[in-house]
Amino acid sequence: MKRLAFYILPAVLFLAACTPPQPAALTIMTTDSFSISESVAAAFEQANGVTLVFLHSGDAGAMLNKAILTRAAPLADIIYGVDNTFLSRALEADIIEPYPSPLLAEVSPEFALDPASRLLPVDYGDVCINYDKAWFAANSLPVPGSLEDLLQPEYNGLLVVENPATSSPGLAFLLATVAHFGDPGYLEFWAALRANGLVVVDGWDTAYFTNFSASSGQGAQPLVVSYGSSPVVEVIYAAGPLTEAPTGSILGPDACFRQVEFAGILRGTANRAMAEKFLDFMLGVQFQEDLPLQMFVYPVNPQAALPEVFVQFSEIPSQPASLPPEAIAANREAWIAAWTETVLR
Amino acid sequence: MKKVFLRSVSWLPALLFLGGFFFYPFGRILSLSLDSSALAPANLERSASALGFTLYQALLSTILTLLTGLPAAWLFARFEFRGRSLLRAMTAVPFMLPTVVVAAAFNALLGPRGWLNLSLMALLDLDTPPLAFVGSLGAILLAHVFYNTTIVIRLVGNALAHLDPRLVQAARSLGGGPFDAMRRVTLPLLRPSLLAAALLVFLFDFTSFGVVLLLGGPQFATLEVETYIQAMHLLDLPFAALLSAIQLGCTLLFSLLYSRLSARRGVLLSPRPADSNLRRAKSLPARLFVAGMALLLAGMFVLPLLALPLRSVTVLDAPPGGSAGPGTGASAAYYRELFINRQDSVFYVPPIQAAVNSLIYAGLTVLLSLGMAFPAAAALSRPGRLERLLDPFLLLPLGASAVTLGLGFLVSFGKYLASPWMPPLAHTLIALPFVIRTLQPALASIPDRLRQAAAALGASPRRAWLAVDWPIIRRAALAGAVFAFTVSLGEFGATALVTRPEYPTLPVAIYRFLSLPGGVHYGQAMAMATLLLLLTTAGILLIERLRLPGMEEF
């Protein structure tokens, strides 16, 4: 009898697994870095009588891939977190329904990269090189001010970057060098960087927590490709109160790459009306003001006020690098392949 | 006729399960994405080099793992010493640790600013770290040994523990030297478990992903790593599908080879009660072996893991002088921080809840995989034509590309992926082949005459099973349960793919902390990892102490 239970159990579990999720829910596919305050989510849920379900779906590339694969039976109503490096790919795949939200009028126009209003800009941030302030002070070295400075012999072996084939900030930094040096000039820069003791790791968490000297990992490199907002996060989540950020960002021309993140309604949704309401909500002041402390990115709606700690500690590059999304879509694979040949082989 | 029917029935649960959750989704994704564009010459060249490296590192890793695991198996199967069961449990702990955590632990010990390099620099008065460990082939190999030695200890150790020592004594008394006895008696008897262990270790190394990515660095790419890059970052699904097809084909070849090698039926013996072979080391060489081996294992398995609890109670202040040692203080701050939702985030995970989620998933995985593995392994241990045909396919889930299978789940199950039942089902998929392979050699070692004797003495089939089968396979069943438990506790990839963020497991929570800058996040990740470490060790110790009521201690 006991053994019979062993046979029946999987069948029961299988049937249970087939119970569909409850109705009156709006599902939002997001990247793993997505977060939202409980109070902000509850405000939308109560005002609209709906339950919000968030699906963490990997980084931007992985999430987009999943959305494209499941286009016939979409997993969600809204996709949020497609960035400008993947924008064209998402539009080509034709998985987004257009929605020209009235709130787009409030958004700074430089962020609206899709004229057909399929993907709406929601937030932006910069991928920058962070430096360890204490290390440079202790070693009496000036902090490099530009991409070119990184080739100086005194910075030999000090920079760790992520592999653009496996990491989204890694790809963004590669694109910054393409924007600055052009194609094929960027390859000469990377060859010189390699000769100057460049360290490459697979992803951001290894680079930051293992290799970077200012993080808790106490690594060997005082320069790391991370985010422009990382110094602010270091202040907020420091072990003790700090009056100054332990790290800073190199803000020279084209040294940072601007990432804009977009949201859109997935083609085939059964909740179109509610999805439109949520997109409006995402562009509204309440959600936009929640962004900096939840995801450490900046609001695209200039009416949203920045939290005090951001005003005090964040540094924004005056001339961030950018490339047209079509150029990125057309050349991403080729740039990564050429980079791999130059830096890793 | 009835026999054939019975056999088919015993296969049914495992087959239905693998069919529905492996062959269907995997076939679906391959048929959706594979097309002739994948066969471009550049792709073929890249596949060949990835395949070459994959085979090379897997072969080296397997040999090294066997070299470490066999003496360790001997130690645990033959000698009683203080701390034996704790050390044995500790060797299984790495199996469940997420790669990020292992990489952090190895870095703390062997990295450029790890303890070893720092002490060597101080000792030898050097300016640069003498050991370049992280980012080398050596790091990949060492991590593979660290992860997989437990497979050899458990599989081969079980067989050794049940071996009748009188056979070796007989060989010796017939004039054979100790090496003769080893070569002509012990090794042939261990053959089935040795083969099974070698195959499993090889498959784990063959499909290695996180270790290669994190510890090997970007210049090394196995088939699985290449698949991941193509599928998830370059969005080249046809090429990813080609790579996974190659990987699957190779796995099938290895499986066939294994079936071929293990087809020669082992000699049936009277298995011995497991602990009857245990004794304290008396002679000097035996004592030296026990002490040396125990120290080596403790050094290998306990030392790297110590980094986690140490880091979790060490609060690093902002380093005042850069490369100078960080100002530190011991504190439970990170543990307290685990219980605070500072960000007011919807995705905040109370640590207790993550632990409970993890334990529920792990418990279900143990039940599901043992429940399906028992009948299948029983059928396999007395192979007929059906079994010989099906056998090689059983292992395919272990060797198949996890990235591709994940995408297959996505296109096959869609919205049902978010069901809380999915993680234990996905974990069972990984654990099941394992548990079957663990049970099978043990079941095959039971001589029919024992069951016949029990029946002749009037025992009901159930009583005969309890009196004959169970005592012999108890160890294997427990080993299988430990594997299923640890696989489920530590599994990250599938869980991250199929869980709703509301039901995170401990590894998912650890990754979430490690994806944000800030000293508090790192400390919390280490605290959570320590929690996972304690939970697993406790779980393993508990499972190994389980007894069926009324059972003789065997």
Side-chain angles (χ1 to χ4, degrees), chain A residues 6-7 9-10 13 16-18 21 32-33 35-39 41 53-56 58 61-62 65-66 69-70 73 75 89 132 134-135 138-139 163 165-166 200-202 205-206 208-210 213 215-216 218-220 222 226 230 233-234 236-240 242 246 293-294 333 336 344, chain B residues 13 17 20 100 103-104 107 111-113 213-214 217-219 228-229 231-236 315-324 326 333 343-347 367-368 371-372 374 407 410-411 414-419 421-422 425 496 500-501 514-523:
Chain A
F6 278 140
Y7 299 104
L9 194 63
L13 288 179
C18 295
D32 284 347
S33 55
S35 184
I36 178 175
S37 291
E38 273 176 3
S39 53
V53 177
F54 299 101
L55 295 178
H56 277 164
N65 204 353
K66 290 174 185 175
L69 267 175
T70 53
L75 299 178
R89 184 63 183 248
D132 176 354
W135 192 94
N139 290 276
N163 182 356
T166 51
V200 185
V201 297
D202 71 293
D205 48 359
T206 309
Y208 200 84
F209 279 127
T210 303
S213 59
S215 74
S216 311
Q218 303 287 319
S226 184
S230 302
V233 189
E234 284 290 344
I236 304 173
Y237 289 97
L242 295 178
L293 285 180
Q294 290 296 329
E333 283 79 13
I336 293 176
L344 296 182
Chain B
F17 178 77
V100 165
N107 256 305
R113 288 172 76 181
L213 210 56
L214 287 172
Q219 66 272 40
Y228 163 75
I229 293 176
M232 292 308 197
H233 291 273
L234 301 181
L235 307 192
D236 185 350
V315 173
L316 301 167
D317 298 329
S323 57
Q343 226 177 324
D344 180 37
S345 167
V346 166
F347 301 111
L367 286 181
L368 281 171
M372 287 186 279
F374 253 115
L407 294 178
L410 209 65
V411 291
K415 284 195 168 170
Y416 298 112
L417 272 188
S419 154
W421 290 101
M422 270 296 173
L425 287 172
R500 292 240 294 257
L514 279 183
S515 65
L516 294 166
V520 170
H521 290 129
Y522 188 81

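Here is the naming used below: chain letters follow the sequence lines, and residue numbers restart at 1 for every chain.
- Neither the backbone nor the side chain of Ala73(A) comes within less than 4.5 Å of any heavy atom of chain B.
- The contact between Ile336(A) and chain B is made entirely by side chain atoms (from C-beta outward), counting heavy-atom distances below 4.5 Å.
- Separating the NE2 atom in His521(B) from the CD atom in Glu234(A) is a distance of 10.0 Å, to the nearest 0.5 Å.
- At a 4.5 Å heavy-atom cutoff, the contact between Val200(A) and chain B is made by backbone and side-chain atoms alike.
- The two residues Pro218(B) and Asn163(A) make their nearest non-hydrogen contact at CB-ND2, 3.5 Å.
- The two residues Gln219(B) and Leu344(A) have their closest heavy-atom pair at CB-O, 4.3 Å.
- Remark: Leu235(B) CG to Arg89(A) CZ distance equals 4.5 Å, nearest 0.5 Å.
- Closest non-hydrogen pair, Thr166(A) versus Ile229(B), comes out as CG2-CG1, 3.5 Å.
- Heavy-atom distances place both the backbone and the side chain of Ser39(A) under 4.5 Å from chain B.
- For the residue pair Ser345(B) and Glu38(A), the shortest heavy atom distance occurs at O-OE2, 3.6 Å.
- Closest heavy-atom contact between Leu234(B) and Glu333(A): O-OE2, 3.0 Å.
- In this structure, the separation between OG1 on Thr206(A) and CG on Leu214(B) is 4.5 Å, given to the nearest 0.5 Å.
- Atom-to-atom distance recorded for Tyr522(B):OH and Asp205(A):CG is 10.5 Å, nearest 0.5 angstrom.
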